[in-house]
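Reviewing the structure listed below.
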Amino acid sequence: MTCARFRFYQELNDFLPPQRRQVEFEHCFDRRASVKDVIESLGVPHPEIELILVNGEAVDFAYIVADRDRISVYPMFERFDVSPLLRLRSAPLRQPRFVIDCNLGRLARYLRLLGFDCRYANDFNDDDVASISAREQRIVLTRDRRLLQRKIITHGLFVRATHPRDQVREVLRRLDLYALSRPFSRCTRCNGRLETATKSAIEAQLQPLTRRYYDDFLRCSRCGQIYWQGSHHLRSAALVEAFLEKPAG
Ligand SMILES: [Zn+2]
């Protein structure tokens, strides 16, 4: 029998039952197990984890837990700087790109509105999301913690919020994405890049009133969708501004 003491920090506590949150607790098991397997058996998906200390020393996921170990587990994307210590991944994904689970369609559209590269389809299954993440080095955004336990996923975030606009704020805050946003650079429908289009080139596709009142247009390089600064744009601009307002503190 191996008995180790665990302490989880910050938002990793969200995955634990109430009596195990914010405290050190003992966990015993009777097999040889890696620290990754033990932590996941406690309910915490590995992509949420940035740093594991065993008796004060950083270890990787393959470390075999020994009897009487004291194990501290820190979350991915935590604000405090752990760089002097060994991180579990070689490098953070500096230009974050996402693959978004099938029930988070509005989150995908909002993140595209902010300019983030988001693969999303409402018929993605768990295999699709996991393999796209591994193949294209994309961060998984999901509300399914079992999906995040898949071995091939290295970067992922369990989205806590349930309302789409709160989900956007959560992702921006936890990944500190504010400086990387490029609003109105990407098609919210298909994720294609937007380019400026001359009015003459697209005139035939415009409704009469749009043709009369607007001169500046963007067109999706992938699906051809046309965007202009009409009332829809004003609503979107207000939304973008609200999203990018950093929370105080
Ligand atoms: Zn498009």
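As the structure lists them, so they are numbered: ligands from 1, and atoms in each ligand from 1.
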Distance filter under 2.8 Å, centred on the Zn ion (ligand 1) - protein N, O or S atoms that pass it: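 Listed by chain and number, the nearby protein N, O or S atoms are C187 SG, C190 SG, C220 SG, C223 SG.
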[X] side, atom [atom1]; [Y] side, atom [atom2] - distance, nearest 0.5 Å:
X    : Y    : atom1 : atom2 : result
E50  : Y9   : CD    : OH    : 16.0 Å
L113 : S236 : CG    : OG    : 5.0 Å
R112 : T188 : CZ    : OG1   : 7.5 Å

With K151 via side-chain hydrogen bond (donor to acceptor under 3.5 Å, both in side chains) - residues at least two apart: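 side-chain hydrogen bond (donor to acceptor under 3.5 Å, both in side chains) list for K151, sorted by chain: empty.
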Listed partners of S133 passing side-chain contact (heavy atoms from CB on, under 4.5 Å), at least two apart: V99, V140, I153
Disulfide (SG to SG under 2.5 Å) partners for C3, two or more places apart: C28
